[in-house]
There are 2 protein chains.
Amino acid sequence: MDRKELLEKKPMIKLHEKLFLCPTSAAMELIGGKWKSVILIHLIDGKKRYNELRKELPMITERTLSLQLKQLEKDDLVVRKVFTKTPPLKVEYSLTDFGRSLIPVLEAITDWGIFAAEKKGAFIFEE
Amino acid sequence: MDRKELLEKKPMIKLHEKLFLCPTSAAMELIGGKWKSVILIHLIDGKKRYNELRKELPMITERTLSLQLKQLEKDDLVVRKVFTKTPPLKVEYSLTDFGRSLIPVLEAITDWGIFAAEKKGAFIFEE
DNA sequence: CCGTATCCAGCAAGATACTG
DNA sequence: CAGTATCTTGCTGGATACGG
């Protein structure tokens, strides 16, 4: 069943106990928000430890990073693997297969972001 | 300059007086939120009057629809055209060229939303 | 090292009533 | 017809301190 055919049936989508009336807004529920897409992008090139993510994303607070990772994990986009039982802990985050299915979408969004920033003269390059 | 080359320069993007450190989050600033992508999708098939949008999106409040349309207009994704000067007013909304450049992205998101909903058994079809 | 607890501010968005 | 005004609520995310 292709997109047009399916969309004509006007299906609803149940996610997080909420109803969405189009797949676009349902997708946005999963990848929207201020940080989710950024975290996902940073996991494209492989697994990362919690502190690696913190260093690569210094402007996210620990609390928010933690909450967003939990959401992504709950939505099966990211897996959390624990390697030690006693402190210091070693934890690695990586994309699931489902999460990897998002890569083309994230790249399409990124490419459009670049296009938009160029077109609107919004880029700022530092020396 | 292609994506990888550009991203290696780690440019920032200034939008709405805020700084974004990757084009993905900048793009999300423009099309994220609960309703923007849904409104944009409904404008793909041509111009719509305010009340048409309200009828097609009955779950958005007037206030929110109005605010989101203003944001989209300010970001040059949508144009608002007024055809009468005295009530009853006739106003039409449509995508700008810049807004139309988003169509492939919106469709990519939608397609992934369909894929995700199917995979997670989240679709609900009514009779 | 990898988080959680607590507290708080700001904003997105809903409900409802009203206007040019 | 096409909105705005007003009031309110709930969520996202920030700051900081602490815990296994």
Side-chain angles (χ1 to χ4, degrees), chain A residues 15-22 25 28-40 42-43 47-75 78-94, chain B residues 15-22 25 28-40 42-43 47-75 78-94:
Chain A
L15 235 48
H16 302 157
E17 299 306 311
K18 289 180 265 183
L19 283 177
F20 297 86
L21 33 51
C22 76
S25 54
M28 282 301 191
E29 171 81 1
L30 297 182
I31 64 171
K34 191 167 174 183
W35 295 116
K36 279 183 183 171
S37 59
V38 183
I39 295 171
L40 290 169
H42 278 259
L43 289 174
K47 54 186 189 299
K48 297 267 170 75
R49 296 186 62 175
Y50 180 78
N51 259 6
E52 287 186 87
L53 287 171
R54 278 195 56 196
K55 284 170 198 159
E56 294 180 13
L57 306 167
M59 66 298 305
I60 311 186
T61 63
E62 292 181 66
R63 172 193 142 87
T64 301
L65 178 57
S66 178
L67 287 173
Q68 298 305 309
L69 282 168
K70 268 191 188 153
Q71 278 275 346
L72 292 170
E73 194 189 357
K74 177 177 145 210
D75 290 335
V78 159
V79 255
R80 175 179 184 271
K81 283 182 189 152
V82 186
F83 291 90
T84 54
K85 289 187 176 174
T86 55
L89 296 187
K90 180 181 179 183
V91 179
E92 278 178 357
Y93 292 92
S94 56
Chain B
L15 234 48
H16 302 157
E17 298 308 309
K18 288 180 264 182
L19 283 177
F20 298 86
L21 33 52
C22 76
S25 54
M28 283 302 192
E29 171 80 0
L30 297 182
I31 64 170
K34 192 166 174 183
W35 294 116
K36 279 183 184 172
S37 60
V38 183
I39 295 171
L40 290 169
H42 278 259
L43 289 175
K47 55 186 189 298
K48 298 267 170 76
R49 297 185 62 172
Y50 179 80
N51 260 6
E52 288 184 86
L53 286 171
R54 278 195 55 197
K55 283 171 198 158
E56 293 180 13
L57 305 167
M59 68 296 307
I60 310 186
T61 63
E62 291 181 64
R63 172 192 144 87
T64 301
L65 178 57
S66 179
L67 287 174
Q68 298 306 307
L69 283 168
K70 271 190 185 152
Q71 278 276 344
L72 292 169
E73 193 189 358
K74 176 177 146 210
D75 290 335
V78 158
V79 255
R80 175 177 183 274
K81 283 183 189 150
V82 187
F83 291 89
T84 54
K85 289 186 176 176
T86 56
L89 297 185
K90 181 181 178 184
V91 179
E92 278 179 355
Y93 292 92
S94 55

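Chain letters run A, B, ... following the sequence lines, proteins first and then strands; every chain starts at 1.
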- Message: What I want to check is whether an N or O donor and acceptor connect the side chain of B:Arg63 with the base of C:dG14 at under 3.5 Å.
- Response: yes
B:Lys81 atom NZ is separated from D:dC1 atom C1', nearest whole Å, by 19 Å
Lys NZ or Arg CZ of B:Lys90 over B:Phe83 ring: under 6.0 Å, within 45° = yes
| said: Under a 4.0 Å threshold between the charged nitrogen and the carboxylate oxygen, would A:Lys48 count as salt-bridged to A:Glu92? | reply: no
Which of C:dG14, D:dA2, C:dG20 is nearest the side chain of B:Trp35? It is C:dG14
Atom NZ of A:Lys55 and atom C1' of C:dC1 are separated, to the nearest Å, by 10 Å
Taken to the nearest whole Å, NZ/B:Lys47 to P/D:dA2 is 14 Å
The answer to which of A:Met59 and B:Leu67 contacts DNA chain D further toward the 5' end, by nearest nucleotide, is B:Leu67
note: A:Met28, atom CE; D:dC11, atom C1'; distance rounded to Å ~ 18 Å
Side-chain atoms of A:Arg49 come closest, of D:dC1, C:dC1, D:dA2, to C:dC1
Taking D:dG20, D:dA2, D:dG14 as options, the one with an atom nearest any side-chain atom of B:Arg80 is D:dA2
5'-most contact on DNA chain D (nearest-nucleotide basis), B:Ser66 vs A:Lys18, goes to B:Ser66
**Asked** Which is true for B:Gln68 with a 4.0 Å heavy-atom rule: it touches a base, it touches only sugar-phosphate, or it touches nothing?
**Response** sugar-phosphate
| message | Categorize B:Lys70 for me: base, sugar-phosphate, or nothing, with a 4.0 angstrom heavy-atom threshold over every strand shown. | response | sugar-phosphate
Result for side-chain hydrogen bond (donor to acceptor under 3.5 Å, both in side chains) between A:Tyr93 and one of A:Arg80, A:Glu52, A:Lys81 points to A:Arg80
Between CD of A:Glu62 and P of C:dC2 the distance, given in whole Å, is 11 Å
Taking any heavy-atom pair under 4.0 Å as a contact, classify A:Tyr93: base, sugar-phosphate, or nothing. sugar-phosphate
Closest non-hydrogen atoms of B:Ile31 and B:Leu40, given as atom of the first, atom of the second and distance, are CG2-CD1, 4.2 Å
To the nearest angstrom, the CZ-P distance between A:Arg54 and D:dG14 comes to 13 Å
Separation of C:dG3 atom P from A:Ile60 atom CD1, nearest Å, is 14 Å
